[in-house]
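Scroll down for the structure; my scribbles are underneath it.
From a predicted model like this one, the values you see are computed outputs, not experimental measurements. Whatever order the structure lists them in is the order used to number ligands and atoms, beginning at 1.
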Amino acid sequence: MENYDLVIRNGVTATHKESVKQDIGIRGGKIVTLGEIEEKGTREIDAEGLLVLPGGIDAHCHIEQKSSSGIMTADDFYSGSVSAAFGGTTTLLPFAAQHRGQSLRQVVDEYMACAKPKSVIDYGFHLIISDASDAIIGQELPAMIEDGITSFKIYMTYDDLKLDDYEILNVLAAARREQAMVMIHAENHDVIRWITEKLLEQGKGAPKYHAVAHARIAEREATHRAISLAELLDTPMLVVHVSSEAALNEIRRAQKRGLKIYGETCPQYLFLTIDDLDKDGMDGAMFCCSPPPRDTASQEAIWEGLIDGSFTVFSSDHAPYRYDGSGKLAAGPEPTFDKIANGVPGLEIRMPLLFSEGVGKGRMDIHRFVELTATNAAKTYGLYPRKGTIAIGSDADIALWDAQKEVKITAENIHDNMDYTPYEGRIAKGWPTTVISRGRIVIENEELKVERGSGQYLKRERPEAAKPTGRLVPEIDPKTNFDAKFI
Ligand code: URP
Ligand code: ZN
Ligand code: ZN
């Protein structure tokens with residue numbers, strides 16, 4: 001006779017592979033039985049008419065993160081995790097961002113101290129590495145990877161973050177040795193800088209010019225270059241927040257060559273366009289993010305990449321800066337576009353908007369939705385099968401979805417700490433009604449049911465996805481003319 005803490009009955013479970021009408025028995029925070037369950041649980045949920053999905057994993061978000069210019073994101077780990085949970089997400093992978101001169105240990109300790117007393121759902125961290133000195137890459141980074149922070153982001157742009165190609169090669173070589181996942185922000189810094197200078201000389205400082213400066217060519221070129229560097233060293237790599245067809249095609253070409261190159265895109269590239277940056281006064285600042293939203297043809301191309309499997313993950317890139325002096329307007333009431341904090345919020349709407357416009361409108365099936373919002377992130381970042389699926393032995397991270405529930409998205413009804421949402425007034429059909437994390441009911445009847453700090457830190461495995469292919473390019477292949485031992 002089993003004793004269950006919780007039994008979910010009569011729902012249709014949908015994973016990345018299959019849909020099955022079955023009950024789910026949960027004990028000690030884990031899924032222990034799938035199928036028909038006769039015994040009663042301490043707690044029972046009737047999921048008749050609902051979809052039972054793995055809780056989402058948001059693998060790209062900026063929470064309680066201080067930018068190098070000192071601007072703080074509007075969400076801390078409490079408001080950020082609550083907002084994520086209301087949107088069906090049960091795991092967060094935000095960044096622990098290194099500013100140059102800081103040790104990685106110090107950075108991670110600081111972010112841990114912020115998250116532990118506040119997060120209501122489970123969380124891990126990716127590092128952001130802005131200092132690629134030998135000490136950081138050779139000693140500190142391997143120690144952090146050993147401790148379970150098995151992925152990190154590097155940048156090809158932003159003055160305070162960018163690494164040059166030489167530094168990127170050093171980082172890629174370390175990632176290869178350690179089997180860590182490299183995430184890369186691919187935009188050509190000098191192209192952006194050059195166009196920005198010309199625009200400002202002509203007095204063109206309005207928010208819409210942000211999209212001109214962050215040209216598609218800058219994204220395409222950097223994506224191509226980043227892939228070339230990764231190919232040289234046979235290092236798996238994920239290109240984050242892809243906005244355009246040209247960059248997506250670089251990823252597709254690499255995948256066709258058999259490289260382990262992965263892509264990520266985000267809601268802003270499906271649901272916003274450059275026209276949103278061209279609003280009255282400074283209002284376009286609310287839509288400034290990098291890369292910027294493009295045009296409707298790009299939106300369609302990004303949809304295609306999600307549907308055909310070119311993209312591996314769909315993340316929010318939640319980077320919440322309020323539309324006031326604490327955030328978007330920190331440089332003054334009318335800053336030029338290059339002084340506007342980059343980023344848009346999206347933790348809570350990530351899954352509902354993709355469900356509504358993707359599954360609801362017949363663009364993708366539920367299995368692809370689950371894969372993009374949960375399973376692939378778990379696989380890519382060393383959390384699978386603990387997270388990202390509904391299987392015996394997995395954490396009971398589950399979102400019960402009502403595919404018919406319609407909600408109008410407004411700044412008031414989103415639970416983050418923002419004063420606007422870029423998706424104001426949109427109606428998303430299909431929302432989670434009950435959200436469960438490790439068997440704990442986190443959200444029910446539109447209410448938060450758990451205490452702050454009840455989420456747990458996730459020490460992650462080295463991802464299988466970060467294992468090199470073993471196929472070196474001819475220049476490095478020892479069978480041809482070069483000694484591969486140096487990597
Ligand atoms: O504009 C964006 N995406 N801001 C967040 C930082 C980043 O590069 O992801
Ligand atoms: Zn980025
Ligand atoms: Zn980001």
Side-chain angles (χ1 to χ4, degrees), residues 58-75 80 84 92-99 111 125-130 151-163 168 171 181-189 192 196 207 209-211 213-215 218-219 222-223 226 237-244 247 262-272 274 276-277 284-294 302 313-323 327-328 330 335 337-347 350 377 381 416 418 422:
D58 197 334
H60 184 155
C61 45
H62 305 266
I63 299 178
E64 217 164 326
Q65 187 180 318
K66 201 183 208 170
S67 74
S68 47
S69 56
I71 304 176
M72 194 73 184
T73 54
D75 283 302
L92 290 175
L93 291 177
F95 295 96
Q98 180 203 35
H99 298 303
Y111 278 85
F125 294 103
H126 312 286
L127 279 158
I128 284 175
I129 296 179
S130 59
S151 51
F152 55 85
K153 182 177 176 189
I154 54 173
Y155 286 76
M156 299 171 86
T157 186
Y158 294 125
D159 286 323
D160 297 323
L161 295 170
K162 77 177 279 287
L163 304 185
I168 292 173
V171 167
M181 183 58 73
V182 181
M183 308 160 76
I184 194 154
H185 179 131
E187 287 187 288
N188 181 309
H189 183 71
I192 296 166
T196 299
Y209 293 109
H210 172 80
H214 289 252
E219 186 186 20
T223 303
M237 185 180 74
L238 181 135
V239 184
V240 296
H241 47 49
V242 174
S243 72
S244 64
Y262 311 99
E264 173 202 77
T265 194
C266 315
Q268 48 271 36
Y269 307 118
L270 294 178
F271 305 117
L272 304 176
I274 190 170
D276 290 303
L277 278 78
M286 292 186 275
F287 304 87
C288 283
C289 57
S290 296
R294 309 289 182 185
I302 296 298
V313 287
F314 185 72
S315 311
S316 68
D317 193 7
H318 182 79
Y321 298 106
R322 292 169 71 100
Y323 188 42
K328 291 285 181 186
F337 66 84
D338 58 318
K339 301 281 186 307
I340 296 170
N342 280 201
V344 293
L347 276 175
R350 174 183 76 110
Y381 297 117
D416 61 15
M418 286 292 288

Among all protein heavy atoms in this structure, tell me which lies nearest to atom 6 (C) of ligand 1, with the distance rounded to 0.1 Å. His62 NE2, 3.5 Å
Checking the side chain of Lys339 only, and the main-chain atoms of Ala330 only, is there a donor and an acceptor separated by less than 3.5 Å? no
With no hydrogens and no angle check, do the side chains of Asp338 and Thr196 hold a donor and an acceptor under 3.5 Å apart? no
Using a 4.0 Å cutoff against the non-hydrogen atoms of Asp317, which atoms of ligand 1 qualify? 2 (C), 3 (N), 5 (C), 9 (O)
Atoms of ligand 1, numbered as shown, that sit under 4.0 Å from any heavy atom of His60: 9 (O)
Do any of the N, O or S atoms of Lys153 sit under 2.8 Å from the Zn ion (ligand 2)? yes
re atom 1 (O) of ligand 1, the protein heavy-atom contact at minimum distance is Ser290 N, 2.7 Å
Would you call the rings of Phe337 and Tyr209 parallel, tilted or perpendicular, taking 30° and 60° as the class edges? tilted
Checking one value in my table: which N/O/S atom of His185 lies closest to the Zn ion (ligand 2)? ND1
Nearest-neighbour protein heavy atom for atom 4 (N) of ligand 1, which is reported as residue plus atom name and distance: Asn342 O, 3.2 Å
Find the distance between OG (Ser244) and CD (Glu219) and round it off to the nearest 0.5 Å. 3.5 Å
NE2 (His62) - the Zn ion (ligand 3) - OD1 (Asp317) angle, nearest 10°: 100°
Should you measure from each heavy atom of Lys153, which atoms of ligand 1 turn up under 4.0 Å away? 7 (C), 8 (O), 9 (O)
Numbered atoms of ligand 1 (with element) below 4.0 Å of His241, judged on heavy atoms: 7 (C), 8 (O), 9 (O)
Test item: side-chain donor near acceptor, Asp317 and His62, under 3.5 Å: yes
Working to the nearest 0.5 Å, report the span between NZ of Lys153 and CD1 of Ile128. 5.5 Å
Could you tell me, atom by atom, which parts of ligand 1 come under 4.0 Å of a heavy atom of His185? 8 (O)
Does the plane of the ring in His126 sit parallel, tilted or perpendicular to the ring in Tyr381? Use 30° and 60° as the thresholds. perpendicular
Report, in ascending order of atom number, the atoms of ligand 1 lying under 4.0 Å from any heavy atom of Cys289. 1 (O)
Between Glu264 and His241, is there a donor-acceptor pair closer than 3.5 Å when you use the side chain of the first and the backbone of the second? yes
